[in-house]
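To keep things clear, I will list the structure first and then write my remarks on it.
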Amino acid sequence: MPSFKAVQGTRDILPDLAPAWQVVETVVRETCERYGYQRIETPIFEETGVYARSVGAGTDIVEKEMYTFKDRGDTSLTLEPEGTAGVVRAYLEHGMFTQPQPVKLYYVRAPIFRYERPQKGRYREHHQFGCEALGESDPALDAELIALLWEIYQRLGARDIVIQLNSIGDQNCRPAYIQRLVDYYTPLKDDLCDDCKVRLVKNPLRLLDCKEPQDQPKIAAAPKSADYLCAACAAHFAAVRGYLDALALPYAINPLLVRGLDYYTRTVFELAPEQAGRRQSAIGGGGRYDGLAELLGGKPTPGIGFGSGMERAIELLREQGVPLPDPARPQVFIAALGAEAKTAAVTLAQQLRATDLRVQMAFGERSLKAQMRAANGSGARWAVLIGSGELANAAYAVRDLAAPADAPDDAKQQTIARDVLVAWLREHT
RNA sequence: GUGACCGUAGCUCAGUAGGCAGAGCACCAGAUUGUGGCUCUGGAUGUCGCGGGUUCGAGCCCCGUCGGUCACCCCA
């Protein structure tokens, strides 16, 4: 009886699923690099201020979801609750603003920690891949980034993915819009659901996100951010849409799309499967964050990025029946009888592996029957049998484990001279 | 943080009215000398999530707790 279990909301990735992870990682790497993004890896924890200052003090993430602790030097540290802040911190710290702009960075398989009640598609540790492009405000960069995220899912084989798009303005026009939203909602206050009464004070943008039926008519009639953009933001939004149209990407404007992190400006977007109860269904989201670098002590630096959940991505592929690779099987399995034969097996295995074959051998002192069972179960195509006779003749028995069960024995098995065995197996796998 | 359902072997689960802890799969071994798949035979494996209570007796009833699943909140 084991004494420990994986802690709540964390999961082991066992060998049966590891190849699926490998596929996602490979597609992300190759696609990002084709778009000119370079890999970056940041630590999985930062000083708490990195997240508290950027994500926003009033957000759920900072208020109640961060894994924050003091280290032995009494420094407050926080396990990464989202991917962007650490990358921006690294950009500033390493003076990447001196490089040609934009600086385009991606990360794969970054562990993300949030203290939430686990449920389908939501874990206390999950992993994200993501991209960040810093130092450029051109709307073409927004479109390229969205196209990149879209292409990753296309290459993975996901179907029926839609992009939702909105603009929430910037430091110039958003405060006025939020005031307008508050003015609209304040007379309706007594009629709002309890959550929305809190939102009205704490985070008015989220009023638009309410799912309570009683509030839907109010949402429908509420002022929408895209209608109150300043001239610069409106032009930016129009340009992003124009590029997305030119790329023929399947996006839809969702005037109710607001995101949970305070640092977003202008463009915000989410990717989700088309029909999906819309619960924990978003597989990626992001937006522009032109004020974030300043919050972290840098010069004003525009930026845009996204994060995408790998557990959700893999689950989506499974649900959609996208074939994912099985764990790698050995190609050759070596069985040996006796101490001398085992030495021959060990050395043969190494010779075969040196030619890039996947090779397993039987361990322990088990009967040949048991070793053959293991060979069969391993999925290997060929079994090599080594016993006293084979040693004496310097020729090993090679058995075709893929032959039909009713094939005659001499069709399944042959004897190959030890000198040519490596080349023979190389030839026949 | 809120709510619902669920915790029995490695996995999927059964367990009658409260009366000796079970099946299938998987694993291990055997079915005449050194040969897999199909079949047959045998074997090992459990704090019945944990703690308390009721009872002559609890996997089963009661309370608590921890965990899982799902939904809300929020998010990837």
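Chain letters run A, B, ... following the sequence lines, proteins first, then strands; residues in each count from 1.
Between A:His126 and A:Pro118, the one whose closest nucleotide on RNA chain B sits nearer the 5' end is A:Pro118.
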If you look only at distance, which donor and acceptor atoms sit under 3.5 Å apart when one is on a side chain in residues 404-411 of chain A and the other is two or more places apart or in another chain?
{"unit_1": "A:Asp409", "atom_1": "OD1", "unit_2": "A:Arg399", "atom_2": "NH1", "d": "3.4"}
{"unit_1": "A:Asp409", "atom_1": "OD1", "unit_2": "A:Arg399", "atom_2": "NH2", "d": "3.3"}

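For the pair A:Asp209 CG and B:C75 P, the computed distance is 7 Å after rounding to whole Å. When rounded to the nearest whole Å, the span between OH of A:Tyr115 and P of B:C75 equals 19 Å. If you measure from atom CZ of A:Arg199 to atom P of B:C73, you get 7 Å, rounded to the nearest angstrom. Remark: C1' of B:C73 and CG of A:Asn203 are 13 Å apart, rounded to the nearest angstrom. Rounded to whole Å, the distance from NZ on A:Lys120 to P on B:C72 is 13 Å. Atom CD of A:Glu116 and atom P of B:A71 are 13 Å apart (whole Å). Per the geometry, CG belonging to A:Leu316 stands 16 Å off P belonging to B:A76, to the nearest Å. Atom CE of A:Met66 and atom P of B:A76 are 15 Å apart (whole Å).
B:U8 and B:C60 have their P atoms separated by 13 Å, with the value rounded to a whole Å. Taking atom C1' in both B:C6 and B:A44, the straight-line distance is 30 Å, to the nearest Å. B:G46 sits 14 Å from B:C11 when the C1' atoms are compared, rounded to a whole Å. Between B:G15 and B:C72, the distance separating the two C1' atoms is 35 Å to the nearest Å. Here, B:G18 and B:U54 have their C1' atoms 12 Å apart, quoted to the whole Å. Between the C1' atoms of B:A21 and B:G59, the separation comes to 9 Å (whole Å). Between B:A26 and B:G37, the two P atoms lie 12 Å apart (nearest whole Å).
For A:Arg259, the side chain to side chain donor-acceptor pair (under 3.5 Å) partners are A:Glu270, not counting sequence neighbours. Contacts of A:Phe69 classified as ring pair (Phe, Tyr, Trp, His ring centres under 6.0 Å), with partners at least two apart in sequence or in another chain: none. Residues meeting the ring pair (Phe, Tyr, Trp, His ring centres under 6.0 Å) test with A:Tyr263, sequence neighbours left out: A:Tyr289. In this structure A:Tyr91 satisfies the side chain to side chain donor-acceptor pair (under 3.5 Å) test together with A:Gln101, sequence neighbours excluded.
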Nucleotide-resolved protein contact map, nucleotides 33-39 of chain B, B/S/- at heavy-atom distance under 4.0 Å = -BBBB--
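If you check distances only, the side chain of A:Arg117 does reach the base of B:G3 with a donor-acceptor pair under 3.5 Å. For A:Arg122 against B:C73, a side-chain-to-base donor-acceptor contact under 3.5 Å is present.
Here A:Arg259 lies in heavy-atom contact (under 4.0 Å) with sugar-phosphate atoms only. At the heavy-atom level, A:Ala370 lies under 4.0 Å from the strands shown only through sugar-phosphate atoms.
Applying the side-chain hydrogen bond (donor to acceptor under 3.5 Å, both in side chains) test to residues at least two apart or on different chains, the pairs with a partner in residues 364-392 of chain A are A:Arg381-A:Asp400. Sorted by first and then second residue, the pairs that involve residues 21-33 of chain A and meet salt bridge (charged side-chain N to carboxylate O under 4.0 Å, His left out), not counting sequence neighbours, are A:Glu25-A:Arg109. Annotation: side-chain hydrogen bond (donor to acceptor under 3.5 Å, both in side chains) contacts involving residues 415-429 of chain A, sequence neighbours excluded, are absent.
Counting heavy atoms from C-beta on, the side chains of A:Arg124 and A:Phe113 never come closer than 4.5 Å. Put simply, the side chain of A:Ser76 reaches to within 4.5 Å of the side chain of A:Thr68, judged on heavy atoms. Side-chain contact between A:Leu105 and A:Cys131 is absent, with no heavy atoms from C-beta onward closer than 4.5 Å.
For the pair A:Ser367 and B:G30, the criterion of a side-chain N or O lying under 4.0 Å from OP1 or OP2 is met. Residue A:Gln119 has a polar side-chain atom (N or O) positioned under 4.0 Å from OP1 or OP2 of B:A71.
Counting only N and O atoms by type, the side chains of A:Glu151 and A:Tyr35 include a donor and acceptor under 3.5 Å apart. Side chains of A:Ser308 and A:Gln128: a donor-acceptor N/O pair is absent below 3.5 angstrom, by distance only.
Using a 4.0 Å cut-off on heavy atoms, none of the residues of residues 414-429 of chain A approach RNA chain B.
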If you write RNA chain B from 5' to 3' in dot-bracket form, with Watson-Crick or G-U pairs under 3.5 Å, [ ] for crossing pairs and | for pairs with another strand, what do you get?
-> (((((((..((((.....[..)))).(((((.......))))).....(((((..]....))))))))))))....
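For the side-chain hydrogen bond (donor to acceptor under 3.5 Å, both in side chains) criterion with A:Arg288, the lone passing option out of A:Thr267, A:Asp170, A:Asp142 is A:Asp142.
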Distances under 3.5 Å between nitrogen or oxygen atoms of protein and nucleotides 64-67 of chain B:
{"unit_1": "B:G67", "atom_1": "OP1", "unit_2": "A:Gln8", "atom_2": "OE1", "d": "3.4"}
{"unit_1": "B:G67", "atom_1": "O2'", "unit_2": "A:Lys5", "atom_2": "NZ", "d": "3.3"}

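Note: A:Phe129 and A:Tyr153 have tilted aromatic rings, judged against thresholds of 30 and 60 degrees for the angle between ring planes.
A cation-pi arrangement, defined by a distance under 6.0 Å to the six-membered ring centre and an angle within 45 degrees of its axis, is absent between A:Arg266 and A:Tyr264.
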